Enquirer: 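For reference, the structure I am asking about is given below.
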Number of protein chains: 2
Amino acid sequence: MKHTYEYPRAALTVDCVVFGFDSGAAGLQVLLIRRGLEPFKDHWALPGGFVRLEETLDTAARRELEEETGLKDLFLEQLYTFGTVNRDPRERVVSVAYYALTKPVAHTTAASTDAAEARWFPVSDIPALAFDHAEIFTAALTLLRSKLTYQPVGFELLPPKFTLTQLQRLYESVLGTDIDKRNFRKKVLSHDLLIPLKEQHREGPHRPAQLFRFDPVKYERLKKKGFLFEI
Amino acid sequence: MKHTYEYPRAALTVDCVVFGFDSGAAGLQVLLIRRGLEPFKDHWALPGGFVRLEETLDTAARRELEEETGLKDLFLEQLYTFGTVNRDPRERVVSVAYYALTKPVAHTTAASTDAAEARWFPVSDIPALAFDHAEIFTAALTLLRSKLTYQPVGFELLPPKFTLTQLQRLYESVLGTDIDKRNFRKKVLSHDLLIPLKEQHREGPHRPAQLFRFDPVKYERLKKKGFLFEI
DNA sequence: TGACTTAGTGTTATATTAACACTATATATC
DNA sequence: GATATATAGTGTTAATATAACACTAAGTCA
């Protein structure tokens, strides 16, 4: 079925920059898919696709993410809309970019899904990307860094139970700085957002670490207030 | 001439929230136009319109602004893209929203242009708006408030030469708070961004005020660094 | 010339941030 | 089971930033 309009129209897509975090050496990761079709066939690209007329932009982003990577129910926010004239060699395409944060548990789920070839790459070493996706990725990383310093979004990247050291590694990895351990713990705990669990995390020949979870109610309140979470 | 596509496509528009500032009682203002056509004929709305295929989103925003209000060369940044399904009663329309800041000199120019009926309204008292423009306006005002506290964008709303009192009134008006005069001046001057002029501003039966302009080079540097300008 | 009105200026208390080193407690090994 | 090892966990102090506060200066106007 054909659709006809008085004036020419741009195609509208969504693209998602999905961040994951590995407390080990790998650090901050981004999820890419390999394109199966031209243009940029076999190139790596951000997951995304066309917006349908009956769905909102957010819905489209979530749908495409699930279709292409198997990930769902993740933290997702609009980033910026990219609309230069020749972004896509075929025709005018305007893309609403999103960034998403996901917990390690979801990671493995995604990796085992083979609906499409999807792979995690460390942000410090990503391959050449299709279209203007490198630019979108850079914008997302910049936003994540900035966001991390004034909103408590970091928890979205950690498993439900985590240690303070894991949280600190996350901040250090994303921001690319070293943080003083004592100052970090003081600051983080002062927000009264973390709930200590009865469990401990045991790993290796050393003292086990206290596990925490964050209080989702206080978390939502802080996010809306634009509360400063600077480290 | 008709244009035909395989799948249905949303129409793409830009809408602009233009802020102006009046150092007097009026304070922060927003520029609205009265719609001449259905839907929402005779309602007030944000200036904006359809994006052409051969222009970027930014270009479209600037073009529409000039066409509808006569304003050009103003500070303009993308805000958010609004894409709920029934924003427009006619058909699916996705709108990339921008916010713009303009100096008082430009104001009067705009007011005298009668390309369309355009009028300034104090942000504390705006009329009912067409479409979801009230939501867009609120998002823009929230962003402006937040931006003002961490980037030196306030100067975009002032004339090229201004006094420290005018700058303080601007901050107070936008943020809705009272600021201590001495602390404000200390902080603002400490950024080494303001250049004192040889001129003074005389008005009324009292001591004249020193005029300043801001250093555009340092200004750009601070903007890029995401430098904190908190008051 | 005196009343009026806004411009302009410093100090101190308080809060926040930054710098810094040792003890605690588990596992692994001998 | 004694010891080595590796990470967890903890307080104090100096430096810096913020917040609170009141008077003098310099014009105009009556």
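As the structure is a computational prediction, the values presented were derived from the model and not from experiment. Side chains included, hydrogens not; waters and symmetry mates left out as well; all remaining heavy atoms used. Chain A is the first sequence line, chain B the second, and so forth, proteins listed ahead of strands; every chain is numbered from 1.
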Enquirer: B:I179 has an atom CD1; how far is it from atom P of D:dT18, in whole Å?
Expert: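 Taking atom P of D:dT18 as the reference, CD1 of B:I179 is at 13 Å.
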Enquirer: Hey, which of these two, A:R207 or B:K186, hits DNA chain C nearer its 5' end, going by closest nucleotide?
Expert: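 Taking each residue's closest nucleotide, the earlier one in sequence belongs to B:K186.
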Enquirer: Check the distance between D:dG9's C1' and A:Q200's CD and give it to me in whole angstrom.
Expert: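 Whole-Å distance recorded here is 11 Å.
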Enquirer: Considering only side-chain heavy atoms of B:R202, which listed nucleotide, D:dT28, D:dA25, C:dA19, is closest?
Expert: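 Looking only at side-chain atoms, B:R202 lies closest to D:dT28.
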Enquirer: Is it the case that the side chain of A:Q168 and the backbone of A:I179 share a donor-acceptor pair, with hydrogens and angles ignored and the cut-off at 3.5 Å?
Expert: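 Yes.
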Enquirer: Would you say the base of C:dA21 and the side-chain of A:R182 have a donor-acceptor pair closer than 3.5 Å?
Expert: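 Yes, the side chain and the base share a sub-3.5 Å donor-acceptor pair.
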Enquirer: Tell me whether A:T69 contacts the main-chain N or O of A:E66 through its side chain, where contact means a donor paired with an acceptor under 3.5 Å.
Expert: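 No, A:T69 side chain to A:E66 backbone: no donor-acceptor pair under 3.5 Å.
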Enquirer: State, to 0.1 Å, how close B:L74 and B:A100 come at their nearest heavy-atom pair, and which atoms those are.
Expert: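 What the structure gives for the nearest pair is CD1-CB, 4.0 Å.
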Enquirer: Please give, in whole Å, the distance from D:dG9 P to A:F184 CZ?
Expert: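 In whole Å, D:dG9 P lies 12 Å from A:F184 CZ.
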Enquirer: With a 4.0 Å limit, can you tell me whether B:K187 has a side-chain N or O closer than that to the phosphate oxygens OP1/OP2 of D:dT18?
Expert: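 Indeed, a polar side-chain atom of B:K187 lies that close.
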Enquirer: Using residues 197-207 of chain A as the side-chain source, report each donor-acceptor pair under 3.5 Å to any protein atom, sequence neighbours left out, with the distance given to one decimal.
Expert:
unit_1, atom_1, unit_2, atom_2, d
A:E199, OE1, A:K161, NZ, 3.3
A:E199, OE2, A:K161, NZ, 2.5
A:H206, NE2, A:E203, O, 2.5

Enquirer: From NE2 of B:H206 over to C1' of D:dT24, roughly how many Å is that when rounded to an integer?
Expert: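 Taking atom C1' of D:dT24 as the reference, NE2 of B:H206 is at 16 Å.
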Enquirer: So what does B:T165 hit on the nucleic acid, given a heavy-atom distance under 4.0 Å: a base, only sugar-phosphate, or nothing?
Expert: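 If one applies the 4.0 Å heavy-atom cut-off, B:T165 turns out to touch the sugar-phosphate alone, with no base involved.
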Enquirer: To the nearest angstrom, how far is B:R185 atom CZ from C:dA7 atom P?
Expert: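 From B:R185 CZ to C:dA7 P: 7 Å.
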Enquirer: Would you mind telling me which of C:dG8, C:dA19, D:dA6 lies closest to the side-chain atoms of A:N183?
Expert: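 Output: C:dA19.
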Enquirer: Would you kindly give the CD-to-P distance between B:Q166 and C:dG8, to the nearest whole Å?
Expert: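 The distance from CD of B:Q166 to P of C:dG8 comes to 11 Å, rounded to the nearest Å.
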Enquirer: Between A:L211 (CG) and D:dT7 (C1'), how many Å, whole number?
Expert: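 So the CG-C1' distance, A:L211 to D:dT7, works out to 14 Å.
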Enquirer: Determine, for B:K218 against B:D192, whether the closest basic-nitrogen to carboxylate-oxygen distance falls under 4.0 angstrom.
Expert: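 B:D192 and B:K218: salt-bridged.
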Enquirer: Over how many whole Å does the gap from A:D178 atom CG to C:dA18 atom P extend?
Expert: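 One finds 14 Å between P of C:dA18 and CG of A:D178, rounded.
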Enquirer: Using a 4.0 Å heavy-atom cut-off across all strands, classify A:Q210 as base, sugar-phosphate, or nothing.
Expert: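 Touches sugar-phosphate only.
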